[in-house]
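All remarks here apply to the structure that follows.
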Amino acid sequence: MRLIAILPGDGIGPEVMAHARRVLEHYVSVRKLPLELWELDLGAERYLKDGTTFPKEIAKRIENEASAVLLGALGDPRVPGLEYARDILFGLRFGLDLYANVRPVKALADRLVPLKDRSAKDIDFVVFRENTEGIYVNIGGQFKRGTPDEIAINEDVNSRKGVERLIRAGFEYAKAHGKKTVHMADKSNAMKHAHELWYRCFFEVAKEYPGIDAKHVYVDALCLYLVQDPRPFEVVVTNNLFGDIVTDLGAGLQGGLGMAASANVHYADPKRVAMFEPVHGSAPPLVGKDLANPLASFLTVGMMLGHLGWREEEQRLESLCAKAIETGHCTPDVGGKLGTKAVADWFLAELAG
Ligand code: IPM
Ligand code: MG
């Protein structure tokens, strides 16, 4: 049995996760996949009720017993500071040492591509975003807050170990998937210390992969190239913050946040528990309106099943998402007229058929 922890979370999270769960239940009852689903009541609602964020016992059980975590979305306007959300999200990413945030940028249909003269086949790359350090470590502070002299500092932490293992994950992925090029995006022309480390480490690791072309690109230029012509990109490795930004740009290239999936993994040891989440957030304006696009969460379930060894199922879910777009069984954000539930019902019927 593989234990799957499901955290529907906040906003549209529970709306899309309810259907992602139906997909998993289909695989359990019809395909007999040995999955045990364990739904967790964590998020804004729970926090507002009793102050719970991410209890240690739950973190331990996930670490020791679960094979994967499926997260909906976190964020609620009633809790502006979002400390509970950071506890949960970073409790998972940092706490489980899931150092590679793997975010595929793949357009599933031509009409989703916003670029002139480009089609779906031109948009197919994967971003490996460092996921356990960088500017996300929350080291820093505020001084003289609220005065004209106030100072705010967030430290950017880059360890050799952290940088190297992420870069290596990118090359390993490229090698395993027959990719010819790995790009590393940094800002070493301005961030002389931290990104000199990235630059040096990248070319050192690249020597171990002679068949793969290692290319450096400044992150600002990367944004320009991705919009002008994304075709040369196959694998992009970068730090936590740049990866966050570049993958939203990437989501734009593949049809919006409703189409973007991600995996958070300890790449060197795939047996360790991993976490899967659609890239979209809790989207407060869409909540309760049956407008949320469930396809990102289906693609995310696909990544999870693929990671657990069920590659055919991953392939099937991706093909069905492409079919949903092609046949117009989709939500308005991707040009359809259906609501969340109708898309999911169609999807489940196809899956069963
Ligand atoms: C993401 C999100 C998060 C991040 C936020 C919610 C903290 O933007 O997963 O891309 O910055 O990592
Ligand atoms: Mg983001």
Side-chain angles (χ1 to χ4, degrees), residues 7-14 16-17 20 42-44 47 53-54 68-106 125-140 154-158 162 166 169 185 219 222-223 226 236-266 274-287 292-293 296-297 299-301 303-304 333:
L7 277 90
D10 308 327
I12 59 166
V16 294
M17 276 301 128
L42 296 173
Y47 176 69
T53 64
F54 191 48
V69 180
L70 187 61
L71 174 67
L74 293 167
D76 188 304
R78 292 171 300 171
V79 193
L82 293 182
E83 44 309 314
Y84 77 97
R86 272 193 299 275
D87 265 15
I88 300 171
L89 186 63
F90 299 141
L92 290 163
R93 288 184 185 169
F94 289 56
L96 300 173
D97 204 24
L98 304 177
Y99 64 89
N101 192 328
V102 184
R103 296 187 159 187
V105 177
K106 182 171 179 184
F125 60 94
V126 182
V127 178
F128 274 69
R129 164 188 178 187
E130 202 294 318
N131 210 29
T132 49
E133 47 186 53
I135 209 137
Y136 279 70
V137 294
N138 201 21
I139 296 177
N154 270 99
E155 294 289 0
D156 178 26
V157 173
N158 298 265
L166 186 273
V219 70
L222 174 66
C223 293
L226 286 178
V236 176
V237 296
T238 192
N239 67 63
N240 207 337
L241 181 65
F242 294 173
D244 177 47
I245 298 166
V246 166
T247 55
D248 263 30
L249 194 162
L253 297 177
Q254 65 188 134
L257 283 167
M259 298 303 298
S262 78
N264 301 254
V265 296
H266 186 99
M275 193 263 280
F276 300 81
E277 47 175 343
V279 178
H280 65 68
S282 56
L286 303 188
V287 176
N293 183 349
S297 70
L299 291 167
T300 301
V301 167
M303 286 188 87
M304 182 176 88
D333 58 304

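All ligand and atom numbering here is 1-based and tracks the order in the structure.
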Q.
Once you restrict to heavy atoms under 4.0 Å, what part of His280 touches ligand 1? Side chain, backbone, both or neither.
A. neither

Q. Any idea which N/O/S atom from Asp244 gets closest to the Mg ion (ligand 2)?
A. OD1

Q: Assess Asp244 for proximity to ligand 1: is some non-hydrogen atom of it under 4.0 Å away?
A: yes

Q: Measure from the side-chain N and O atoms of Asn101 to the backbone N and O of Asn131, and report whether any donor-acceptor pair falls under 3.5 Å.
A: no

Q) Which pair of heavy atoms, one from Leu92 and one from Leu98, lies closest together, and at what distance? A) O-CD1, 3.7 Å

(Q) So is Arg103 touching ligand 1 or not, going by heavy atoms under 4.0 Å? (A) yes

Q. Of all heavy-atom pairs between Gly250 and Val105, which one has the smallest distance, and what is that distance?
A. O-CG1, 3.3 Å

Q: Begin with the C-alpha distance, continue with both residues' side-chain angles, and end with the deciding distance and a verdict on side-chain contact (heavy atoms from CB on, under 4.5 Å) for Lys106 and Leu299.
A: CA-CA 11 Å; Lys106 182 171 179 184; Leu299 291 167; over 6 Å; no

(Q) Assess the residue pair Asp76 and Ser282 against the criterion (side-chain contact (heavy atoms from CB on, under 4.5 Å)); give the C-alpha distance rounded to whole Å, side-chain angles, the decisive distance to 0.1 Å, and a yes or no. (A) CA-CA 7 Å; Asp76 188 304; Ser282 56; over 6 Å; no

Q) Does even one non-hydrogen atom of Arg93 get within less than 4.0 Å of ligand 1? A) yes

Q.
For atom 11 (O) of ligand 1, what's the nearest protein heavy-atom neighbour? Residue, atom name and distance, please.
A. Tyr136 OH, 2.6 Å

Q) Any idea which atoms of ligand 1 are less than 4.0 Å away from a heavy-atom of Arg129? A) 1 (C), 4 (C), 9 (O), 10 (O), 11 (O), 12 (O)

Q: Please write down residue, atom name and distance for the protein heavy atom closest to atom 5 (C) of ligand 1.
A: Leu89 CD2, 4.3 Å

Q. What are the two closest non-hydrogen atoms of Leu71 and Pro278, and how far apart are they?
A. O-CD, 3.1 Å

Q) What about Glu277: any of its N or O atoms under 3.5 Å from an N or O on ligand 1? A) no

Q) Between Glu130 (side chain) and Asn240 (backbone), is there a donor-acceptor pair under 3.5 Å? A) no

